Amino acid sequence: MSASLFAYLDNAPSFDEFAAEALRLGLQYRYSLPPDRRWRYPLHVFGLGDLRVVYHQGNPAASKAVVNTTVRRSDSPIGAVQLHLISQRVVRRWGGEIYDPQRRKRVARA
């Protein structure tokens, strides 16, 4: 079973800024997807074990971005902690709010 959290950021960091923060969190860069018709901005994928973090770089002019954090084994206490830790860290750094799609509610606001 997997679980996800979305962090809707108030300020869109550059790829380099986000990659540096991900590295501090122990995440490894995996790959990037170029913009397409659906997503008009690049998606950057980071991960560690069962944890996957996708940085939706967003529109730099609008200064908005999204970080989707997913863990495959959400029944593990470590997985749940990883989800919250990463989401809270990026929201604390760039402002925004955390949303839990399974509970359909906002979890935290920076």
Side-chain angles (χ1 to χ4, degrees):
M1 182 171 180
S2 67
S4 294
L5 289 178
F6 289 86
Y8 294 94
L9 306 181
D10 290 337
N11 299 296
S14 70
F15 169 76
D16 291 335
E17 290 174 307
F18 189 84
E21 189 68 22
L23 186 61
R24 282 190 279 279
L25 291 166
L27 300 170
Q28 298 171 346
Y29 171 76
R30 293 199 173 151
Y31 57 89
S32 292
L33 298 171
D36 63 15
R37 287 182 217 212
R38 182 173 176 206
W39 307 107
R40 299 184 189 273
Y41 47 80
L43 303 176
H44 306 290
V45 181
F46 299 83
L48 178 66
D50 285 340
L51 182 67
R52 186 180 91 168
V53 176
V54 179
Y55 174 47
H56 297 245
Q57 197 164 348
N59 179 356
S63 210
K64 298 271 183 179
V66 177
V67 176
N68 175 4
T69 307
T70 305
V71 66
R72 279 188 226 137
R73 291 189 346 227
S74 63
D75 53 346
S76 118
I78 292 172
V81 168
Q82 287 175 321
L83 280 177
H84 286 278
L85 246 170
I86 290 169
S87 298
Q88 288 174 351
R89 176 98 171 240
V90 297
V91 164
R92 207 172 325 125
R93 173 112 191 247
W94 291 293
E97 65 184 16
I98 300 169
Y99 179 79
D100 183 342
Q102 288 146 340
R103 293 171 51 200
R104 295 186 181 153
K105 70 180 217 173
R106 184 173 65 178
V107 177
R109 174 98 182 129

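Reckoned from all heavy atoms, side chains included, excluding hydrogens, waters and symmetry mates. Here the structure is a predicted model, which is why all the values come from computation and not from measurement.
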What do you reckon, is CZ of Arg24 surrounded by more than 12 foreign heavy atoms closer than 6.0 Å? yes
To check you understand the geometry: which heavy-atom pair defines the closest contact between Ser4 and Thr70, and what is its length? OG-OG1, 2.9 Å
Minimum heavy-atom separation for Gln57 and Ala65, please, with both atom names. O-CB, 3.7 Å
Between CZ of Phe46 and CG of Leu23, what distance do you get to the nearest 0.5 Å? 9.5 Å
Below 4.5 Å, heavy atoms only, C-beta onward: do Leu9 and Val66 meet side chain to side chain? no
Suppose we screen for salt bridge (charged side-chain N to carboxylate O under 4.0 Å, His left out). Which residues come up paired with Arg93, at least two apart in sequence or across chains? Glu21
I want to check something: taking the side chain as every heavy atom from C-beta on, are Ile86 and Leu51 in contact at a cut-off of under 4.5 Å? yes
In terms of relative ring orientation, are His44 and Phe15 parallel, tilted or perpendicular, with 30° and 60° separating the classes? tilted
Does Arg52, at its CZ atom, have more than 12 non-hydrogen atoms belonging to other residues, nucleotides or ligands within less than 6.0 Å? no
Leu83 and Thr69 have their tightest heavy-atom pair at CD2-O, 3.2 Å
I'd like to know whether CD of Glu17 has more than 12 heavy-atom contacts from other residues, nucleotides or ligands below 6.0 angstrom. yes
Leu25 with Tyr29, same ILVMFWY side-chain cluster at under 4.5 Å: yes
Is there side-chain contact between Pro42 and Pro35, with heavy atoms separated by less than 4.5 Å? yes
Quick one: does any side-chain atom of Asn11 pair with a main-chain N or O of Trp94 as donor and acceptor, under 3.5 Å? yes
Residues at least two apart in sequence or cross-chain that pass ring-ring contact (aromatic ring centres under 6.0 Å, His included) with Tyr55, listed by chain then number, are Phe18
What one should report as the nearest heavy-atom pair of Tyr8 and Phe6 is CE1-CB, 3.7 Å
Can you name the closest pair of heavy atoms from Leu48 and Arg30 and give their distance? N-NH2, 3.4 Å
